[in-house]
Every structure is written in C-alpha cells, then in structure tokens.
Amino acid sequence: MIRALLALFRRDLTLARRIGGGGLMGVVFFLSLVTIVPFAIGPDLNLLSRIGPAVLWIAALLSGLLGLDRLFQADDEDGSLDLLRLSPVPLELVVLTKCLAHWCATGLPMVIVAPLFGLMLALDGPALWGVTLSLLVGTPALTFLGAIGAALTVSLRRGGLLLSILVIPLAVPVLIFGVSTAQAASGGTVPFLTPLLILCGLSLGALALAPFAAAAALRGAGE
C-alpha cells in the first residue's frame, strides 16, 4: 500500500510540474497580487509594513485556489478516479496523498518565496520570519479544506468558481490566525505562541477531517 501511495505522490508531482506549470503558476500569481498592492496604496512604507502580513496571506489563499479544481477533476476525466475508487487502498489515504502532493507543488513554493515578497511590502526581519512560519504551518489547512470543495465539485464543469465560494468561508479562521501569528512575531499585543498553536490546531484538524469528507464526496459523486 505504501508503494502505491508513493507512486501516486510522485505521479501527482510530475503532473503538477508538466501541466500548467504547477507551483510556478501559483508563485507568479502570488507575485502579481503582492506587486499590485504597493501601486494601489502608494509609497507609504509604514502602511505597507502594517498590512503586509494580511496581503501575503490573502495572496497565498487566492493563489492556493488556483488549480484546486483540477485536484480530482483531471482523474475523473481520464478515468483514473474510478480505478482509485476500486483500488484496495483506502480512498481516504488516496485523498491525503494527493493533498500532500498538491501542497508540495503549490503551497511549499509560496512559503519559500514569501520572505522575498515580504521585502517588497517593507516587512522587517521578525515580521518576515513570522509570516513565513505562519504560511508554512497554515497553508496545508487551506489545501485540505480546498480538497473538500474539489471533491464536491468534481463532476461539475467550470466548478472553480463554486469551489472558491465553498472554500473561502471555511478558510476565514485560518486567515485570521495566520495574520495574527505574523503580526505577533513583529511585536503585537498577543503572545506569539497563542495564534501559532491555534493555527497548528486548525491544520491538524483539517488534516484529520478533510480526507474523510472529501473521500465521502468522491464516493457519492461516483454513484
């Protein structure tokens, strides 16, 4: 079973790299969103540094939604989703593996480039460290929550908009505590560990529940 899951992980990473640029497309979109903010707000560095963590988190959320609608839809179109349903490997583990591959292809590149993009928003050292750590801890939750929406819309054509409508409300707590963690790192009124631990709890909760919810939705779509 482990070999099958590792093969699925490598296959999804390869497909993400070859089709549509995978993580590169997300990083370019991430950069585009971060770049237009200084043009919209103007050369006020104090304001930019104050809203910088929120801008990075919103950009990460919107960039992470890119390609999520293809998480299961591509497998549904080429018939491999039926094989995965009939496989002896539990569908919950299949969903978990595909989510991890998707996060490595799209979420991890954004975490890596976040310090560089944070410099464009005039963030100082502690804020850069805090927002990078919060993205590392919190973006897996966005991927797992997105998997639920992707599973619910797997049989719908152009389901990307519906997926965004379903996922964004679920992602609000992650967004709130992600920004709070980044702001606490740069000297906010809240102790740093408090929002960080809540953010960790949200990611662990999404990791524990989302594979079961997404697998149930995929089984329902296949009936």
Side-chain angles (χ1 to χ4, degrees), residues 5 9 12-13 23 26-27 30 34 50-68 71 90 92-118 121 123-151 163-164 166-216:
L5 293 175
F9 182 82
D12 276 22
L13 279 184
V27 170
F30 190 52
V34 173
R50 194 163 63 248
I51 67 172
V55 171
L56 287 171
W57 258 98
I58 292 172
L61 170 61
L62 297 179
S63 302
L65 291 174
L66 283 180
L68 261 177
L71 184 59
E92 289 78 7
L93 290 180
V94 170
V95 171
L96 176 63
T97 303
K98 290 181 69 68
C99 288
L100 291 176
H102 184 272
W103 180 79
C104 288
T106 60
L108 188 58
M110 286 191 289
V111 174
I112 294 172
V113 300
L116 177 63
F117 292 176
L121 299 173
L123 296 184
D124 56 14
L128 286 175
W129 176 79
V131 77
T132 304
L133 180 61
S134 67
L135 286 172
L136 178 64
V137 172
T139 47
L142 301 180
T143 299
F144 285 111
L145 293 174
I148 300 175
L163 184 149
S164 301
L166 291 173
V167 171
I168 287 178
L170 297 176
V172 169
V174 181
L175 190 67
I176 291 172
F177 288 103
V179 175
S180 298
T181 302
Q183 290 176 337
S186 57
T189 56
V190 179
F192 174 69
L193 275 182
T194 302
L196 178 65
L197 291 178
I198 295 176
L199 193 59
C200 291
L202 290 173
S203 286
L204 291 175
L207 185 149
L209 297 177
F212 291 95

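Worth knowing before you read on, the calculation uses all heavy atoms, side chains too, and leaves out hydrogens, waters and symmetry mates.
No donor-acceptor distance shorter than 3.5 angstrom exists from the side chain of Thr97 to the backbone of Phe9, with no hydrogens or angles considered. Side chain of Ser63 to main chain of Ala60: no donor-acceptor pair is present (N/O by atom type, distance under 3.5 Å, no hydrogens or angles).
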Carefully, step by step, assess Leu56 and Leu123 under the rule side-chain contact (heavy atoms from CB on, under 4.5 Å).
CA-CA 11 Å; Leu56 287 171; Leu123 296 184; 3.7 Å; yes
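Shortest non-hydrogen contact noted between Thr181 and Gly130 is CG2-O, 4.5 Å. A pairwise comparison of heavy atoms in Leu166 and Leu170 identifies O-CG, 3.6 Å as the closest pair. Across Ala114 and Leu135, no two heavy atoms sit closer than the pair CB-CD1, 3.6 Å. Glu92 and Phe212 make their closest contact through CG-CD2, 3.5 Å (heavy atoms, listed as atom of the first residue, atom of the second, distance). When every heavy atom of Arg50 is checked against every heavy atom of Gln183, the shortest pair comes out as O-NE2, 4.1 Å. In this structure, Ser164 and Pro169 approach most closely via the heavy-atom pair O-CD, 4.3 Å.
Looking only at side-chain heavy atoms (C-beta outward), Cys99 and Leu96 stay at 4.5 Å or farther from each other. Side-chain contact between Cys104 and Leu13: present, with at least one pair of heavy atoms (C-beta onward) separated by less than 4.5 Å. Contact annotation: the side chain of Trp57 approaches that of Val174 to within less than 4.5 Å [non-hydrogen atoms, C-beta and beyond]. Annotation: side chain of Leu196 is not in contact with side chain of Ser134 (no heavy-atom distance under 4.5 Å). In this structure the side chain of Leu65 reaches within 4.5 angstrom of the side chain of Ile168, judged on heavy atoms. The shortest side-chain heavy-atom distance between Leu133 and Val111 does not fall under the 4.5 Å cut-off.
Among pairs with a residue in residues 98-118, those fulfilling salt bridge (Lys or Arg N to Asp or Glu O under 4.0 Å) read Asp12-Lys98, Asp75-Lys98, at least two apart in sequence or across chains. Among residue pairs with one or both ends in residues 131-151, none qualify as ring pair (Phe, Tyr, Trp, His ring centres under 6.0 Å); sequence neighbours excluded.
Interatomic distance, Leu71 CG to Thr143 OG1, rounded to the nearest 0.5 Å: 8.5 Å. The CG atom of Leu62 lies 10.5 Å from the CZ atom of Phe30; values are rounded to the nearest 0.5 Å. A distance of 9.0 Å separates SG of Cys200 from CG of Leu136, quoted to the nearest 0.5 Å. How far CD1 of Ile176 is from CG of Leu199: 11.5 Å, rounded to the nearest 0.5 Å. Note that CG of Leu100 and CG of Leu5 are 10.0 Å apart. Values are rounded to the nearest 0.5 Å. Considering CG of Leu121 and CD1 of Ile51, their distance stands at 7.5 Å, rounded to 0.5 Å.
Here the rule is side chain to side chain contact (heavy atoms under 4.5 Å, CB included) with Phe177, and of Leu202, Val172, Leu197, Val137 only Leu202 fits it.
The distance between the ring centers of Phe192 and Trp129 falls below 6.0 angstrom.
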